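Here the structure is a predicted model, which is why all the values come from computation and not from measurement.
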Number of protein chains: 2
Amino acid sequence: MMVTIYDIAKQAGCSAMTVSRVINNTGRISDETRQRVLDIMKEMNYVPNAMARSLVKQESRILSLLITDITNPFYTSLARGAEDAARELGYRLLLANSDEELAKEKEYIDTVLSARVDGVLFAPAGDASLPNLKRLRKQNLPFVLIDREVPGIECDMVLGDSKEGAKRLTSHLIEQGHARIALLGGSRGVSTARARQAGYEETLQLSGLPYREEYVAESHYRAGEIARHVKRLMALPEPPTALFAANNFLALGAIRALRDQGLRVPEDVAVVCFDELEAGFVLDPFMTVAAQPAYDFGVLGIRLLVDRIQGKAAEDWRRVVLPPTVHLRRSSGGT
Amino acid sequence: MMVTIYDIAKQAGCSAMTVSRVINNTGRISDETRQRVLDIMKEMNYVPNAMARSLVKQESRILSLLITDITNPFYTSLARGAEDAARELGYRLLLANSDEELAKEKEYIDTVLSARVDGVLFAPAGDASLPNLKRLRKQNLPFVLIDREVPGIECDMVLGDSKEGAKRLTSHLIEQGHARIALLGGSRGVSTARARQAGYEETLQLSGLPYREEYVAESHYRAGEIARHVKRLMALPEPPTALFAANNFLALGAIRALRDQGLRVPEDVAVVCFDELEAGFVLDPFMTVAAQPAYDFGVLGIRLLVDRIQGKAAEDWRRVVLPPTVHLRRSSGGT
DNA sequence: TTGAAAGCGTTACCAT
DNA sequence: ATGGTAACGCTTTCAA
């Protein structure tokens with residue numbers, strides 16, 4: 001169907017091997033022959049078959065990036081970083097989206113395994129991703145974890161400093177005079193959610209504030225859940241005066257829920273969150289956040305991965321931690 | 001290196017062909033043999049090699065989606081639709097991002113061609129994408145255009161109704177009493193930008209309003225450009241009282257620029273735009289927009305593509321047009 | 001119900 | 001400097 005090196009060889013009056021050598025710039029070839037082959041390749045619109053090549057070379061020069069939410073700006077920035085880094089290193093990037101669903105994640109593992117990609121940059125849905133990662137490990141496919149770690153698996157990873165960020169956001173609220181601070185946390189099955197909660201608790205303790213069970217909510221991203229949590233919190237006898245949302249998605253839901261209840265931010269409730277919000281917030285840079293260097297997550301993740309694939313990595317697993325930057329804005333009364 | 005059907009065959013005491021038949025559920029095989037093979041496959045952690053299979057079957061069951069901006073919510077929604085539709089139809093989706101750059105687009109063409117994907121869902125950077133599309137056509141690789149059309153190429157496509165949306169937004173501004181309406185348009189090298197400008201002009205004309213050259217700006221997405229355009233517009237002897245931005249990105253830039261000049265929206269200038277803004281705007285559903293059904297763009301695009309690949313499509317090229325929905329909100333004084 | 005051989009398009013290896 | 005042959009892992013075709 002498509003033009004092959006044999007077709008080229010026939011036209012050029014040489015062997016397929018010679019054509020292959022021209023394509024790969026390998027071995028010695030007379031300038032005359034090279035030019036003739038090149039001309040004919042162009043003329044016949046030759047396109048190399050990457051699958052055939054990968055089959056014999058036992059490498060695809062393709063990396064794969066799995067993210068959990070393609071609509072989250074944190075992950076799209078990360079994807080851009082990964083893309084740029086992969087390109088620079090001579091790899092293609094296959095992008096996929098698990099939607100935080102374990103089933104899709106598993107399906108994806110099958111895909112990359114049978115596609116014989118050279119490595120995977122992996123943002124796990126949560127601790128429950130362990131079997132999926134073990135599958136990669138068993139098949140000897142190099143991978144790097146990004147954003148979240150998974151207990152039970154040792155590997156290279158690029159993480160944010162969730163605990164530190166949470167501490168700083170919580171401290172900030174305390175400095176603003178808040179003593180009743182609620183946590184709208186993510187699932188405890190996700191490492192970042194746990195770390196953010198830990199930072200919150202520790203800061204309360206260090207400041208001599210009580211830890212109140214009823215001020216802590218755990219969200220599993222189900223419909224209407226955030227609104228229910230917020231409603232419960234604000235209906236407490238002593239409702240919180242400030243809210244720490246563990247990520248941008250939760251913050252959005254929380255603010256919407258507060259608004260629906262006629263509460264103003266920050267006048268009635270101060271709100272801070274982890275992760276930057278969408279670019280559109282330039283219209284109204286409103287939220288106090290702990291922003292993470294998402295693009296760099298992608299770049300460094302790919303670099304670790306490629307080092308590992310090419311055997312340039314140290315034997316020990318590497319753990320890169322990128323600190324967040326806190327931006328004080330109106331939502332916390334910070335500006 | 002990895003387990004092959006020959007390894008399985010040896011263990012199972014049968015031929016590779018038998019293993020192949022078990023994997024593909026093809027031909028007749030005794031239940032006993034089948035079970036034995038299945039057991040051994042599991043035991044040995046067999047993973048089929050998709051490249052080897054594609055090489056002989058001459059199809060990859062992979063489709064490719066090219067978008068021009070992975071950070072734009074229009075395209076990420078579209079990508080989700082495409083992903084879901086592809087999955088449903090038994091295809092994998094390879095996602096790529098051209099960043100509106102022709103060079104990346106060209107590079108991408110090479111990739112999909114040599115990867116031997118079965119088809120491409122293509123959001124072109126603009127009219128200048130023509131040679132890239134011709135390349136696909138020459139290689140007989142099925143493709144479907146989404147969002148933008150490209151003069152000079154006939155193919156299946158899924159488009160929005162840019163002209164109609166522009167008319168309705170412009171009419172709305174006129175109904176609000178505006179007579180001096182500026183257009184912040186996209187590049188004239190992009191079909192949607194032209195159609196939106198046409199809708200704008202036509203509506204002015206039908207309403208008996210003059211078309212003023214100085215009220216029209218064309219943006220090529222260069223740094224600082226939007227701010228300069230807005231500054232020029234607002235410095236005119238008779239500055240516009242309303243602004244129609246041809247897409248969400250331009251609208252964001254425009255509003256920021258207006259704010260920097262101390263102008264309020266909508267009190268000093270009304271603003272409307274094409275495309276919905278980020279989800280984060282739930283915090284402040286502020287902008288009057290012509291929203292497009294982005295997810296459906298993806299779904300329908302993939303369906304057209306697969307029909308074409310599988311030979312189920314009519315001979316004639318199909319052109320699906322999805323109408324926008326106008327949401328009246330505060331930015332235009334609409335609510 | 002099962003198997004042997006050929007071939008998909010390429011590169012590695014050994015010749016010449 | 002160039003070519004022949006085998007191999008990558010699989011499916012198709014034909015035969016038993």
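In the model, A/Y108 has no side-chain atom that pairs as donor or acceptor with a side-chain atom of A/N97 under 3.5 Å. No side-chain donor from either of B/Q11 and B/D7 sits under 3.5 Å from a side-chain acceptor of the other. In this model, no donor atom of one side chain and acceptor atom of the other lie less than 3.5 Å apart for A/S191 and A/R148.
Nearest-nucleotide assignment on DNA chain C puts the 5′-proximal partner with B/S30, out of A/A50 and B/S30. Mapping A/Y6 and B/V47 onto DNA chain D by nearest heavy atom places A/Y6 at the nucleotide closer to the 5' end.
Rounded to an integer number of Å, the gap from B/I5 CD1 to D/dT12 C1' is 12 Å. Here C/dG9 presents its P atom at 7 Å from CG of A/N49, a figure rounded to the nearest Å. Between B/L55 atom CG and D/dC8 atom C1' the separation is 9 Å, expressed in whole Å. Spacing between atom CG of B/N24 and atom P of D/dT13 amounts to 14 Å, rounded to whole angstrom units. Atom CD in A/E32 sits about 13 Å away from atom C1' in D/dT2, given to the nearest Å. Taking atom OH of A/Y46 as the reference point, atom P of C/dG9 lies 10 Å away to the nearest angstrom. A straight line from CG of A/D7 to P of C/dG9 spans 8 Å, rounded to a whole angstrom. When the P atom of C/dT10 is taken as reference, atom CE of A/M17 falls 12 Å away, rounded to whole Å.
Without hydrogens or angle criteria, B/S20 side chain to B/A16 main chain gives no donor-acceptor distance under 3.5 Å. A side-chain donor-acceptor contact under 3.5 Å links B/S15 to the backbone of B/T18. Between the side chain of A/S60 and the backbone N or O of A/R116 there is at least one donor-acceptor pair closer than 3.5 Å. The main-chain N or O of A/T26 is never found under 3.5 Å from a side-chain atom of A/N24 such that the two would form a donor-acceptor pair.
Residue A/T18 places at least one side-chain N or O closer than 4.0 Å to OP1 or OP2 of D/dG3. For C/dT10, neither phosphate oxygen OP1 nor OP2 lies less than 4.0 angstrom from any side-chain nitrogen or oxygen of A/S20. The side chain of B/T4 contributes no N or O atom lying less than 4.0 Å from OP1 or OP2 of D/dG9.
A salt bridge does not link B/R34 with B/E32: none of the charged nitrogens is closer than 4.0 Å to a carboxylate oxygen.
Between its two ends, the helix from C/dT1-D/dA16 to C/dT16-D/dA1 turns its axis by 40°, counting five pairs per end and rounding to 10 degrees.
Proximity note for B/R53 (side chain, C-beta onward) versus C/dT11, D/dT11, D/dG9: the nearest is D/dT11. With D/dC10, D/dT2, D/dG9 as the candidates, the nucleotide lying closest to the side chain of A/R21 is D/dT2.
The residue A/T33 sits close only to the backbone: its heavy atoms come under 4.0 Å of sugar-phosphate atoms, none of a base.
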Does the pair A/R53 and A/E59 meet the rule for a salt bridge (Lys or Arg N to Asp or Glu O under 4.0 Å), with working shown?
CA-CA 8 Å; A/R53 179 183 302 189; A/E59 67 160 18; over 6 Å; no
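Listed by chain and residue number, nothing satisfies the salt bridge (Lys or Arg N to Asp or Glu O under 4.0 Å) test with B/D118 (two or more places apart in sequence, or in another chain).
DNA chain D lies under 4.0 Å from at least one heavy atom of each of the following residues of residues 56-64 of chain A: A/V56, A/Q58.
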